[in-house]
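Down below is the structure, laid out as structure tokens.
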Amino acid sequence: MTDKPFANQIALVTGASRGIGAATAKALAAAGAHVILTARTARDLEEVETAIFDAGGSATIAPLDLTETDSIARLGAAIGERWEQLDIMVLNAGMLGSLAPVPAIDAKELAQVLTLNVSAQAALIAAFDPMLRKSPRARVLGITSSVGRKPRAFWGLYGASKAAFETLIAAYGDEMQRISSIRTAIIDPGATRTAMRARAYPGEDPASVKEPEVVANRIAALIAEDFDTGHVERID
């Protein structure tokens with residue numbers, strides 16, 4: 001792999017203000033991509049942007065609440081006016097929700113989790129599909145969890161949303177495989193030192209699990225190495 005395998009490429013990373021998203025944005029920028037950073041908090045995005053600039057990379061921030069799905073189409077239009085194509089899209093943003101028995105799942109919270117983890121992801125794919133099709137080598141990666149494929153007690157809400165998310169990514173990849181350069185992959189980061197992990201496992205020693213940079217570096221390497229559409233990988 002060359003030092004800058006993504007030179008002259010445009011990447012979009014959601015949930016880029018911290019954790020895996022921030023680390024992935026930095027890794028892609030270090031490999032030459034101009035990275036569009038999106039998340040809700042402008043201040044945190046600015047910190048990631050500054051870190052990228054200080055390391056010699058380039059980035060653009062786009063603060064956005066993905067639960068306001070109408071704004072996703074506007075974001076797609078705005079980015080499409082500035083750049084012709086999108087080469088890499090990492091769909092990382094997600095919401096854990098409460099860990100609870102299925103009969104105790106709150107209907108309002110269910111709607112919130114599904115809006116971000118499923119509806120917003122479908123809206124992002126729809127908004128950026130035209131730009132992805134223009135790329136000679138478009139790659140779309142969705143960040144998932146093992147509970148999306150292997151149900152676990154008390155994780156029904158989050159697991160159901162990730163199962164639906166994985167289906168969206170895989171179906172899109174299958175649709176695009178013969179008519180475009182777009183390829184999709186699903187990445188399970190495994191146990192990683194993130195705020196979501198800390199919330200799910202409050203008694204866990206953060207030092208006992210890997211840092212987000214481990215996941216980010218593998219994501220960047222995987223895109224550079226390339227993969228067949230439908231690729232599924234767990235990073236341990």
Side-chain angles (χ1 to χ4, degrees), residues 1-7 9-41 44-64 66 75 79 86-96 116-117 120-121 124-125 128 131-132 135 137-145 162 165-166 169 182-198 209-227 231-236:
M1 184 174 70
T2 65
D3 289 341
K4 304 291 183 182
F6 308 135
Q9 294 190 28
I10 305 299
L12 171 69
V13 180
T14 69
S17 60
R18 61 185 182 182
I20 292 171
T24 299
K26 293 173 186 177
L28 295 176
H34 179 86
V35 186
I36 303 164
L37 315 169
T38 185
R40 289 183 299 173
T41 310
D44 293 340
L45 287 176
E46 288 169 355
E47 291 181 0
V48 178
E49 181 187 39
T50 297
I52 288 173
F53 285 151
D54 289 347
S58 64
T60 299
I61 67 168
L64 179 70
L66 292 177
L75 174 67
I79 292 175
L86 182 64
D87 304 288
I88 300 168
M89 183 162 70
V90 180
L91 299 176
N92 166 73
M95 179 186 298
L96 177 63
L116 178 56
N117 294 3
Q121 311 307 317
L124 283 161
I125 292 171
F128 290 100
M131 292 183 69
L132 290 164
S135 170
R137 188 183 180 275
R139 299 295 180 260
V140 178
L141 283 77
I143 307 303
T144 189
S145 167
K162 284 302 183 181
F165 172 57
E166 289 189 20
I169 296 289
I182 299 169
R183 301 291 179 265
T184 66
I186 294 167
I187 303 300
D188 176 2
T192 306
R193 197 180 307 172
T194 64
M196 183 182 290
R197 176 81 183 184
V209 295
K210 63 183 176 295
E211 296 181 345
E213 287 74 16
V214 174
V215 178
N217 290 337
R218 177 53 193 155
I219 288 173
L222 177 64
I223 299 171
E225 295 164 2
D226 213 4
F227 52 83
H231 178 79
V232 177
E233 181 172 329
R234 179 180 170 87
I235 303 172
D236 292 315

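This chain uses plain numbering: 1 for the first residue, then up along the sequence.
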Test side-chain contact (heavy atoms from CB on, under 4.5 Å) on I235 and K210 and set out the steps. CA-CA 10 Å; I235 303 172; K210 63 183 176 295; 4.0 Å; yes
Over all heavy atoms of both residues, which pair between [X] and [Y] is shortest? Give the atoms and the distance, please.
{"X": "T14", "Y": "N92", "answer": "OG1-N, 2.9 Å"}
{"X": "A25", "Y": "V35", "answer": "O-CG2, 3.6 Å"}
{"X": "A27", "Y": "A216", "answer": "CB-O, 3.9 Å"}
{"X": "I88", "Y": "V90", "answer": "CG2-CG2, 4.1 Å"}
{"X": "G94", "Y": "N117", "answer": "CA-OD1, 3.3 Å"}
{"X": "A93", "Y": "Q121", "answer": "O-NE2, 3.5 Å"}

Can you check whether A11's main-chain N or O pairs, donor with acceptor, with D87's side chain at less than 3.5 Å?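 Such a contact is absent between D87 side chain and A11 backbone.
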Is a side-chain N or O of K4 found less than 3.5 angstrom from the main chain of A29, in a donor-acceptor match?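 Not a single qualifying donor-acceptor pair exists.
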What's the separation between atom [atom1] in [X] and atom [atom2] in [Y], rounded to the nearest 0.5 Å?
{"X": "M89", "Y": "I125", "atom1": "CE", "atom2": "CD1", "result": "5.5 Å"}
{"X": "D188", "Y": "I143", "atom1": "CG", "atom2": "CD1", "result": "9.0 Å"}
{"X": "T24", "Y": "I187", "atom1": "OG1", "atom2": "CD1", "result": "10.0 Å"}
{"X": "L28", "Y": "I36", "atom1": "CG", "atom2": "CD1", "result": "11.5 Å"}
{"X": "L124", "Y": "L91", "atom1": "CG", "atom2": "CG", "result": "6.0 Å"}
{"X": "I79", "Y": "T60", "atom1": "CD1", "atom2": "OG1", "result": "8.5 Å"}

Restricting to salt bridge (Lys or Arg N to Asp or Glu O under 4.0 Å), what partner residues turn up for R137, sequence neighbours left out? D226
Hey, are the side chains of [X] and [Y] touching, using non-hydrogen atoms and a 4.5 Å cut-off?
{"X": "V209", "Y": "T192", "answer": "no"}
{"X": "V140", "Y": "I182", "answer": "yes"}
{"X": "I186", "Y": "F165", "answer": "no"}

Are there more than 12 heavy atoms of other residues, nucleotides or ligands under 6.0 Å from atom CZ of R218? yes
Starting from the C-alpha separation in whole Å, work towards a yes-or-no answer on side-chain contact (heavy atoms from CB on, under 4.5 Å) for M131 and L12. CA-CA 11 Å; M131 292 183 69; L12 171 69; over 6 Å; no
Output a table of donor-acceptor pairs, distance under 3.5 Å, between side-chain atoms of residues 44-57 and any protein atom two or more places apart or on a different chain; print 'none' if there are none.
unit_1: T50; atom_1: OG1; unit_2: E46; atom_2: O; d: 2.9

Report the residues that fulfil side-chain contact (heavy atoms from CB on, under 4.5 Å) with E211, sequence neighbours left out, ordered by chain and then residue number.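 Result, side-chain contact (heavy atoms from CB on, under 4.5 Å) vs E211: R193, E213.
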